[in-house]
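One structure below.
Read the numbers this way: they start at 1 and go in the same order the structure lists the ligands and their atoms. Here the structure is a predicted model, which means the values were calculated and not measured. Numbers for residues simply follow the sequence, beginning at 1.
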Amino acid sequence: MSRIQRLIRDMTLAEKLGQLTMTAAGYAVTGPVIAGDSTDGIKSGAIGNLLNLVGADHVHEMQRLAIEQSRLGIPLLVGLDVIHGHRTLFPIPLAEAGTFDPRLWELTASEAAAEAAADGLAMTFAPMLDVSRDPRWGRSAEGAGEDPWLGMQMAAAKVRGFQGASLAAPHTLAAVAKHFCGYGPVNAGREYASVDISERTLREVHLPPFEAAVAAGVVAVMPAFTDLAGIPLTAHVDLLRGWLRGRLGFDGVIISDYNAIAELIRHGVAADLTEAAVLALKAGVDIDMMSNAYRSGLPIALEHGLVSLADIDAAVHRVLALKENLGLFENPYGRGARAESAATLTRRRQLAREAGARAIVLMKNEADCLPLRADPARIAVIGPLADAPGEMRGPWWAAGVAAGHVSVLEGLRTALPHTDIVHAQGTDILGTDTGGIQAAVDLCDAADAIVLCVGEAAAMSGEAASRAHLDLPGQQRLLAQSVIERAHARGRHVIVVLFSGRPLILPWLFEEADAVLAAWFLGCEAGHAIADVVTGRVSPSGRTPVSWARALGQVPVFFGERPTGRPADPKDHFTSKYLDVPNDPLFAFGHGLTYGRFTLSNLRVSPPRVRESDDIQIKVDVLNEGAREAEETVFLFTRDRLASVARPLLELMGFAKITLRPRAQGTVTLNLAAAQLKFLGLNLQPVFEPGEVEILVGPCADRSRLLVHCIELMR
Ligand code: BGC
């Protein structure tokens, strides 16, 4: 008999339900506060898992209670939302997606895991794999953006990074793929709202990243808060038991979202906690996070025969197996046994700086005003986000404290010690006070360059942060326009550093500013990373992983749309278009300038005719005609023009990077397995249909900038 079988044999019902319960320890940003009843619960076996407890000492203290004072000595599983770093914060996931660098995605996850594990943690509620095409939804910040294939690549890299080669190693974390699934298309971008999408969109867009996470070995999955066509995911038998466990063979732990089981009552599918618990357990949810539904409801349900002991035991088995895989039985104090060295922390911050610089997207650079000319005499750094270290964290800062984050002001002062750097906030991020604007505008007169730092506050994206207006909040538009007007009157350039957890809708800003850097939220080294790009120490290479709309009415605007029977035609009234705005986004997916100037030519694709088992090789020449070394990102798309089911106008199938010195030329090679050209046919089963397929290669998803070559698919 295995250890787990023995334990299950010896456990009381209350102890079993304790293993299926996760409660918050009440971690506050200033330090952990242990919730009053956790201690007794852990000792009695009524609490088997904790969230929001940080610090090796605190975790070990609780762990000791479980190991030494509970009857069976089962170790606790302790988790936290380590979304983009633990104490050392890296760029938010949306920003990091824009590096198009799987090696970096994996590395930051493994560093975050090591740091969190050194703090005693064993689980992170990450990565978030929800595809988001609606910038109103604040959680866009937590994911990889609009494209499912990109989402798949990032999912796999993050799972590998968090979980490492062996989950038993003390520097790893159990990853939780969330939120399963289809949380991104909430109605009108409103947080927690209902979702109703087609089965095809679910399968083609929203499920693939989860499939990739499972294939990469993710050990836990969290269902979304939302419902899908009336069935809350927490109770979704078809998707949890059928698709995830049945079809994908996922045998890990399913952990509910925060209070999500209890919320089945408000969803209107359960009358009380008992019914809610029954629905969730039947659907395959193992751990109840914060609802207290399993502990209070399952004993009653069992008595009435609504669930079986076998259902409960199976869930307990999965939880204990995860604890075993994490090495918690053998070595319950392994995570957090050793503090990390100062050298490790320094190296990690360096990685945060590199990741930050690589995530910045140079959206506009008129007259090549960036990078700054060497050693300007005076720079005015203006705006409410210029000297805002805490804001650099972005949403979900785990254990990252506000202090110690590098602001833009600090970054520029460090990078340019001989430059007189003056600063005025001008206005608050959110407030209505315009009293400081004049003083900020006056700084423009004697400055050689103006760096204007505007955008959202960190808390305006992430969970429960939907916005119906995606302009600059507060009085920042007035500040920006006043500064730009004065600067231009004096013949000076304005470089905007734009902070946001989503693509904002700012056509006026992109029109009026001379240069714009999308800085998202870059984490602890934000100011240094921004200074690196502004001064030219680093040549920008980030590409936007989401389309930027011109107007809110275009939302959702994304490159993977399907064709219409009436494509937009300015000469034909009855075609698919707006009367007041073009159809295309202001910036396409993949947009991002560099300090080089790249041209692509000579697209070669071989072989010309392929079967399903073939590999396709795609080559394109890249020339840097600019005056600086830079890194170019080349995207590979396909377009199946004629199929049994209308295919998207573009489908992302790959990307590659090349760094070239001025006037240097190189060749980028992309490989595509022909099997990737399969799609879900009329009956939603994968098919490989013969016919022509376009292979498109270029710098972004703007079709007019892509080189095209046709191949033929054969049976
Ligand atoms: C969020 C999850 C998160 C959980 C625990 C919930 O509100 O939706 O993403 O993991 O809280 O903090």
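Ser547 and Glu146 are linked by a side-chain donor-acceptor pair at a separation below 3.5 angstrom, with hydrogens and angles left out of the test. The closest side-chain donor-acceptor pair between Glu96 and Thr108 falls under 3.5 angstrom. Asp130 and His179 are linked by a side-chain donor-acceptor pair at a separation below 3.5 angstrom, with hydrogens and angles left out of the test. Under the 3.5 Å distance criterion, with hydrogens and angles disregarded, a donor-acceptor pair is assigned to the side chains of Trp137 and Glu191. One side chain, Thr88 or Glu115, offers a donor N or O that lies under 3.5 Å from an acceptor on the other. Residues Ser110 and Arg160 have side chains that never bring a donor and an acceptor to within less than 3.5 angstrom of each other.
Among all non-hydrogen protein atoms, the one lying nearest atom 6 (C) of ligand 1 is Asp257 OD1, 2.9 Å. Scanning the protein for heavy atoms near atom 1 (C) of ligand 1, the closest one is Glu463 OE1, 3.1 Å.
Every atom of ligand 1 is numbered from 1 in the order shown, and the set under 4.0 Å from a heavy atom of Met222 is 10 (O). Using a 4.0 Å cut-off to heavy atoms of Tyr258, the atoms of ligand 1 that qualify are 6 (C), 7 (O), 11 (O). Taking every heavy atom of Phe125 and a limit of under 4.0 angstrom, the matching atoms of ligand 1 come to 10 (O). Distances below 4.0 Å separate heavy atoms of Lys178 from the following atoms of ligand 1: 2 (C), 3 (C), 9 (O), 10 (O).
With Asp81, Ile255, Asn52, Asn259 as candidates, the residue nearest to atom 3 (C) of ligand 1 on a non-hydrogen basis is Asp81.
Arg349 contributes a side-chain N or O that, together with a main-chain N or O of Cys524, makes up a donor-acceptor pair within less than 3.5 Å.
Classified by interplanar angle (parallel below 30°, tilted 30° to 60°, perpendicular above 60°), the ring pair Phe100/Phe589 is perpendicular.
Of all the heavy atoms of His179, the ones lying under 4.0 Å from any atom of ligand 1 belong exclusively to the side chain. Of all the heavy atoms of Glu142, none lies under 4.0 Å from any atom of ligand 1, so neither backbone nor side chain is involved. Contact annotation: for Val176 versus ligand 1, there are no heavy atoms closer than 4.0 Å.
Residue contacts with ligand 1: Met128 is excluded, as none of its non-hydrogen atoms falls under 4.0 Å. In this structure, Arg139 has a heavy atom closer than 4.0 Å to ligand 1.
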